[in-house]
S.K.: 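Take this structure, written in C-alpha cells, and hold onto it; I'll ask about it next.
So you know, we letter chains A, B, ... as the sequences are listed, proteins then strands, and number each from 1. FYI, side chains are in, hydrogens and waters are out, and symmetry mates aren't considered; it's all heavy atoms of this structure. These numbers come from a predicted model, not from an experiment.
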Amino acid sequence: MYWSKLFIPTLREVPAEAEVASHQLMLRAGYVRQLAAGIYSYLFLAQRSLMKIQRIIREEMEAIGAQEMYLPALNPAEVWQESGRWDVMGDNMFRLKDRFGRDLCLGMTHEEVMTSVARGELNSYRQLPQLWYQIQTKFRDEPRPRSGLLRTRQFTMKDSYSFDLDAAGLDLSYEKHYQAYNKIFRRCGLKFMAVEAHSGAMGGSQSHEFMVISDAGEDYVAVCEATGYAANLEKAVTLPVPPVHGDPSGDLVPEEFHTPGRKTIAEVADFTGLPPTAQMKSLILVADEKPILVLLRGDHTLSETKLEGFLAAKELRPAHPEEMRQWLGADAGSLGPIGVANMRILADNALRGRHNMICGANKDDYHLKNVTIGEDFQAEFADLRQAVSGDRTHDGKGVIEVRKAMEIGHIFKLGYKYSESMGLRVSGDDGKEVTPIMGSYGIGVERILAAAIETYHDKNGIVLPPAIAPFDVVITPVNSELPEQREAAERIYRECREWGLDALLDDRKERAGVKFKDADLVGIPYRITVGKKISDGVVEVFDRSTGANTDHSAHEAFEDVLRRVKSTNLAAAEGKA
RNA sequence: CGGGGCGUAGCGCAGUCUGGUAGCGCACCUGCUUUGGGAGCAGGGGGCCGCAGGUUCGAAUCCUGCCGCCCCGACCA
C-alpha cells in the first residue's frame with residue numbers, strides 16, 4: 001500500500017487524556033481515537049494489527065478442533081434470567097427494551113446463549129465433546145473504564161465453550177485450551193505467564209489467568225522466578241516472613257493496659273515499642289448476614305477472596321461501626337477475640353504457634369498483652385491473608401515477589417452451573433439422561449495489542465513483534481523526488497509483496513526525517529531505506545527493535561527482511577523470543 | 001458512588017484571579033527555497049471559549065445548575 005493514500009493520523013504531541021504508554025502511543029501513532037469513556041474507534045493500523053491477532057487465534061483454535069460460530073450480541077432477558085445472572089450482573093450489564101417493552105441486554109459473555117444453542121441441538125453423548133468459539137464484541141458497563149484499551153466498555157473477545165460428558169472430558173478440553181492459549185500468546189510475541197486464579201462467581205473447580213507483567217495492569221500476581229510459582233495475589237499461598245522479634249516466653253496471663261487514642265496497628269506499635277508482628281489484628285466482617293471475627297498478624301492484610309472461599313459465603317462485607325459496638329462493646333481500634341462468644345473466630349495460619357501477643361480489649365482505649373490462641377480463647381485456623389513480596393513459597397524454596405499484571409486470557413472449568421440451570425441434557429450410553437459439563441475460555445483481543453505495546457515501546461514509539469504489527473516492512477525512499485530512488489523503492493516494494501511480505505511504500509513527499517519518525521512511531525518492525533547509495537545498487541535494512549542498519553544490494557533486501565520476519569516469528573512461536 | 005483535576009482551533013497550551021473586539025506553538029492550505037532523523041521564509045484558512053440559565057451597557061472571564069473527559073478509591077464473569 002502507498003502511505004500517501006492512507007489515513008494514518010500521527011500526532012507529535014500526546015493528547016492530555018492519555019496516561020499509560022499504550023494509550024498514549026496508540027493515539028499518537030494514529031491507531032485509535034476515543035468516542036466516549038471506554039469506547040474507541042479502531043483506525044486502519046489498529047484494525048490491521050487486530051486482524052493479525054485474530055488470525056493467529058483462529059489458527060490455534062482450529063488446531064484444537066474448535067468450531068467458529070457467531071452469536072448475537074443482542075440478547076433477550078429470558079436466557080439470563082434462567083441462569084440467574086440477569087440479577088447478578090447488576091449495573092455492569094447494558095440493558096434496553098424493545099418497542100413492545102420486552103427486556104433485552106447487550107452480551108457481556110456468552111455462556112447463556114451458547115448453552116441455549118446446545119440444549120436445543122445436542123441430544124446424544126455421541127455428539128460430545130464439542131468445542132465452540134466466536135470472536136465477538138462484548139459490552140460491559142464498567143464503573144470506571146481506564147487506561148485506553150486496557151479496560152473498555154465495548155471490546156472484542158474470543159470466547160470459547162466446551163461441552164463434555166464427564167469431568168475427565170472437561171480436563172482434556174481445558175488442557176487443550178491451556179496449550180492453545182500458550183501458543184497464541186507466544187506467537188503474538190508476548191512475555192506472559194499462566195497463573196492459578198480463583199473462579200469467582202463463574203463457579204467451577206479450576207481456573208487459570210494468562211498475565212502479562214506490566215505496571216499498567218490492574219491485577220497483582222505473586223511470582224517466584226526460582227521455583228516458577230505464579231498465582232493471582234488473591235489466591236497465592238505462601239509462607240510468611242517470621243517475626244524478627246520473638247514472643248515473650250512463659251505461660252503468661254492476659255493483662256489489660258491503657259492505650260489512649262491509639263487505634264491503628266502502627267499507633268499501638270509505636271506506643272508499645274513492639275513491632276506490628278507482635279499484634280493480632282481483629283477484623284469484623286459479615287458473611288451472609290452472620291458476623292465473623294478474623295485475626296491476622298498486625299502487618300498482614302486480609303484476602304477477602306480466601307475468606308469468602310473458606311466460608312463458602314455468597315456475600316461478604318465489613319461490619320458497620322454500629323454493629324461492632326453492638327456486638328463487641330467497643331469501636332474499631334480496640335477490638336479483640338477474648339470473651340467473644342457470639343460469633344465465629346477465624347485466625348490466619350501465620351498466627352499458629354504464636355503466644356503472648358497484643359490485641360484489642362473490647363474496651364475503648366484499652367489493649368491486652370500476653371494473649372495466646374488456644375489458651376486464652378479458641379479459634380479456627382485457615383489461610384486468610386494476602387501474600388506480600390518477601391514471603392517464601394509454600395515449599396520454602398523460593399522468595400515471592402508481587403507484581404502488577406494485566407490479564408489477557410482466562411480459562412475456567414465451569415462445571416454444571418449453566419447446563420443444569422438451563423436444562424442442557426443428552427442421552428448417555430445407558431439410555432439415561434446425562435448433564436454435560438462445561439468449560440469457558442476467554443481472550444481479550446485488544447488487550448493483546450495493548451499488552452504488546454506496553455511491553456515493547458521506546459522513546460520513539462511502538463516496537464511491535466512482526467507477527468502482530470500492521471505491516472512487516474516499510475520501504476522508504478529518502479527523497480521521493482529523485483526518480484532513481486523512487487523507482488528503486490517501487491521495485492523493492494513489488495518484490496516484497498510478491499514474496500509475501502506485508503509491505504508499505506512511504507511515497508509521501510516528506511523529508512526523510514518525517515518518514516523515519518513516523519515509521520518508528522507506528523511500530524513497523526523493518527524499514528528498507530533507499531537513499532544515495534542506490535547509485536551503487538545498495539540499500540539499508542533498518543531493524544526497529546535493535547536500531548541496527550545493515551547494507552544490502554537492492555535486489556536482495558527483501559530476502560533479508562523475509563528471513564528476519566520468519567525467524568523472529570518462529571522464535572516467538574517456540575517461546576524463544 | 002466518594003475524593004481530586006480538567007473542558008478555549010485537529011493536538012499541546014496561554015488568557016479566567018482583576019469583565020472591554022480570542023491568542024501562541026504544532027498540524028493544515030498556497031508559493032519559493034530546502035531534502036538521511038519531526039526544515040526555513042512569506043502569505044492564508046480554521047473557534048456556539050462544553051451546554052443552559054443568571055448578573056452586567058458588555059461575560060471565555062463573575063454566579064447557579066447540568067454535561068463530558070481523566071486520575072485515585074469503591075466496584076469489576
S.K.: Please determine if a side-chain N or O atom of A:K515 lies less than 4.0 Å away from the OP1 or OP2 oxygen of B:G38.
M.R.: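 Negative; the distance criterion is not met.
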
S.K.: At under 4.0 Å between heavy atoms, what does A:D520 touch on the DNA or RNA strands: base, sugar-phosphate, or nothing?
M.R.: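 Base contact - A:D520 has a heavy atom under 4.0 Å of at least one base atom.
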
S.K.: So does A:E142 pair up with A:R151, basic N to acidic O under 4.0 Å?
M.R.: yes

S.K.: Please report the distance separating the C1' of B:C32 from the corresponding atom of B:G36, rounded so that it comes out in whole Å.
M.R.: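 That atom pair is separated by 23 Å.
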
S.K.: Classify the side-chain pair A:Y181/A:E60 by whether it contains a donor and acceptor separated by less than 3.5 Å.
M.R.: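 There is no such pair (donor and acceptor under 3.5 Å, judged by atom type) between the side chains of A:Y181 and A:E60.
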
S.K.: Rounded to the Å, how far apart are A:I534 CD1 and B:G36 P?
M.R.: 16 Å

S.K.: Could you check whether the side chain of A:R28 and the base of B:G38 have a donor-acceptor pair of N or O atoms closer than 3.5 Å, going by distance alone?
M.R.: yes

S.K.: When rounded to the nearest Å, what value does the distance between P atoms of B:U61 and B:G20 take?
M.R.: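 Between the two P atoms, the distance is 10 Å.
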
S.K.: Just to be sure I understand the rule, does A:D518 reach a base, reach only the sugar-phosphate, or reach nothing, if contact means heavy atoms closer than 4.0 Å?
M.R.: base

S.K.: Looking only at atom C1', what distance separates B:G15 and B:C62, rounded to whole Å?
M.R.: 16 Å

S.K.: Please give, in whole Å, the distance from B:C75 C1' to A:E142 CD?
M.R.: 9 Å

S.K.: What's A:A36 touching, base or sugar-phosphate or nothing? Going by heavy atoms closer than 4.0 Å.
M.R.: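 Sugar-phosphate, backbone atoms only, no base.
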
S.K.: Measure from the side chain of A:R511, starting at C-beta and using heavy atoms only, and say which of B:G38, B:U35, B:C71 lies closest.
M.R.: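 Closest nucleotide among those given: B:U35.
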
S.K.: Answer yes when A:K532 and A:E484 have at least one side-chain N-carboxylate O distance shorter than 4.0 Å, and no when they do not.
M.R.: no

S.K.: Paired with B:U21 by Watson-Crick or G-U wobble geometry, both distances under 3.5 Å: which nucleotide is it?
M.R.: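 When the pairing criteria are applied, nothing turns out to pair with B:U21, so the answer is none.
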
S.K.: Ignoring hydrogens and geometry beyond distance, is a side-chain donor-acceptor pair present between A:S535 and A:K533 at under 3.5 Å?
M.R.: no

S.K.: Under 4.0 Å between a side-chain N/O of A:R85 and OP1 or OP2 of B:A77, yes or no?
M.R.: no

S.K.: In Watson-Crick or G-U wobble terms, both distances under 3.5 Å, what is the partner of B:A60?
M.R.: none

S.K.: Rounded to the nearest Å, what distance is computed from the CD atom of residue A:E308 to the P atom of nucleotide B:C75?
M.R.: 11 Å

S.K.: What's the closest nucleotide to the side chain of A:E19 if the choices are B:G36, B:C71, B:C11?
M.R.: B:C71

S.K.: Think A:R144 has a side-chain N or O under 4.0 angstrom from the OP1 or OP2 of B:C72?
M.R.: yes

S.K.: Say whether A:D507 and A:W3, considering side chains only, have a donor N or O and an acceptor N or O under 3.5 Å apart.
M.R.: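 There is no such pair (donor and acceptor under 3.5 Å, judged by atom type) between the side chains of A:D507 and A:W3.
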
S.K.: Taking atom P in both B:G50 and B:G44, what distance in whole Å separates the two?
M.R.: 28 Å

S.K.: If you find the nucleotide of RNA chain B closest to A:M157 and the one closest to A:N479, which residue's nucleotide is nearer the 5' end?
M.R.: A:N479

S.K.: Does the Lys NZ or Arg CZ of A:R403 fall within the cation-pi geometry relative to A:Y220 - under 6.0 Å from the ring centre and within 45° of the axis?
M.R.: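 Judged by the rule (NZ or CZ under 6.0 Å from the ring centre, within 45° of its axis), A:R403 is not positioned above A:Y220.
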
S.K.: Counting heavy atoms from C-beta on, name the nucleotide in B:C75, B:A77, B:C11 closest to the side chain of A:M89.
M.R.: B:A77

S.K.: Mind checking the C1' distance from B:G47 to B:U21? Whole angstroms is fine.
M.R.: 14 Å

S.K.: Answer yes or no: does atom CG of A:D215 have more than 12 heavy-atom neighbours from other residues, nucleotides or ligands under 6.0 Å?
M.R.: no

S.K.: For A:S480, report the nucleic acid contact type (base, sugar-phosphate, nothing); a contact means any heavy atom under 4.0 Å.
M.R.: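 It contacts nothing in the nucleic acid.
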
S.K.: Between B:G36, B:G38, B:G37, which nucleotide gets closest to the side-chain atoms of A:R527?
M.R.: B:G37

S.K.: Nearest to the side chain of A:F412 - B:U35, B:C75, B:A77?
M.R.: B:A77

S.K.: Rounded to whole angstroms, how far apart are CD1 on A:I8 and C1' on B:G38?
M.R.: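 Rounded to whole Å, this separation is 16 Å.
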
S.K.: Please work out whether the ring planes of A:Y40 and A:H23 are parallel, tilted or perpendicular, with thresholds of 30° and 60°.
M.R.: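 Perpendicular: the ring planes of A:Y40 and A:H23 meet at over 60°.
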
S.K.: Report the base-pairing partner of B:C51 (Watson-Crick or G-U wobble, both distances below 3.5 angstrom), or none.
M.R.: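 Partner of B:C51: B:G65.
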
S.K.: Does a nitrogen or oxygen in the side chain of A:R12 sit under 4.0 Å from OP1 or OP2 of B:G38?
M.R.: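 Negative; the distance criterion is not met.
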
S.K.: Look at all strands and tell whether A:E112 reaches a base, only sugar-phosphate, or nothing, counting heavy atoms closer than 4.0 Å.
M.R.: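 Nothing, no nucleic acid heavy atom in range.
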
S.K.: Between B:A77 atom P and A:I411 atom CD1, what is the distance in whole Å?
M.R.: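 Atom-to-atom, A:I411 to B:A77, this comes out as 18 Å.
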
S.K.: Return the value, rounded to whole Å, for the distance between atom CZ of A:F516 and atom P of B:G37.
M.R.: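 Distance, rounded to whole Å: 7 Å.
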
S.K.: Given that both distances must come in under 3.5 Å, which nucleotide forms a Watson-Crick or G-U wobble pair with B:G2?
M.R.: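 B:C72 is the nucleotide pairing with B:G2.
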
S.K.: Does a nitrogen or oxygen in the side chain of A:Q34 sit under 4.0 Å from OP1 or OP2 of B:C70?
M.R.: yes

S.K.: Looking at B:A42, which nucleotide sits across from it as a Watson-Crick or G-U wobble partner, both distances under 3.5 angstrom, or is there none?
M.R.: B:U30

S.K.: Counting side-chain heavy atoms from CB outward, which of B:C71, B:G36, B:G25 is closest to A:R146?
M.R.: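 Nucleotide nearest to A:R146's side chain: B:C71.
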
S.K.: Classify the side chain of A:E510 versus the base of B:G38 as yes if they form a donor-acceptor pair under 3.5 Å and no if they do not.
M.R.: no

S.K.: Of the nucleotides B:G36, B:C71, B:C70, which one has an atom closest to the side chain of A:T529?
M.R.: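 Given the options B:G36, B:C71, B:C70, the side chain of A:T529 is closest to B:G36.
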
S.K.: Which one, B:U35, B:G73, B:C70, comes nearest to the side chain of A:E17?
M.R.: B:C70

S.K.: Whole angstroms only, please: what is the NZ-P distance between A:K417 and B:A77?
M.R.: 11 Å

S.K.: To the side chain of A:P143, which of B:U35, B:G36, B:C75 is closest?
M.R.: B:C75

S.K.: Rounding to the closest angstrom, what is the interatomic distance between B:G7 and B:C13 at atom P?
M.R.: 9 Å

S.K.: Which one, B:U35, B:G37, B:C11, comes nearest to the side chain of A:E481?
M.R.: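 It is B:U35.
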
S.K.: Rounded to the Å, how far apart are A:R508 CZ and B:G38 P?
M.R.: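 About 14 Å, once rounded to whole Å.
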
S.K.: Which comes earlier along RNA chain B counting from the 5' end, the contact point of A:A37 or that of A:E218, where each point is its nearest nucleotide?
M.R.: A:A37

S.K.: Under 4.0 Å, counting only non-hydrogen atoms across every strand here, what does A:L521 touch: a base, just sugar-phosphate, or nothing?
M.R.: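 The residue A:L521 makes base contact.
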
S.K.: Does any donor atom in the side chain of A:E490 or A:Y2 lie under 3.5 Å from an acceptor atom in the other side chain?
M.R.: yes

S.K.: Between B:U30 and B:G68, how far is it from one C1' atom to the other, in whole Å?
M.R.: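 That atom pair is separated by 38 Å.
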
S.K.: Considering only atom P, compute the distance from B:C75 to B:C28 and round it to an integer number of Å.
M.R.: 47 Å

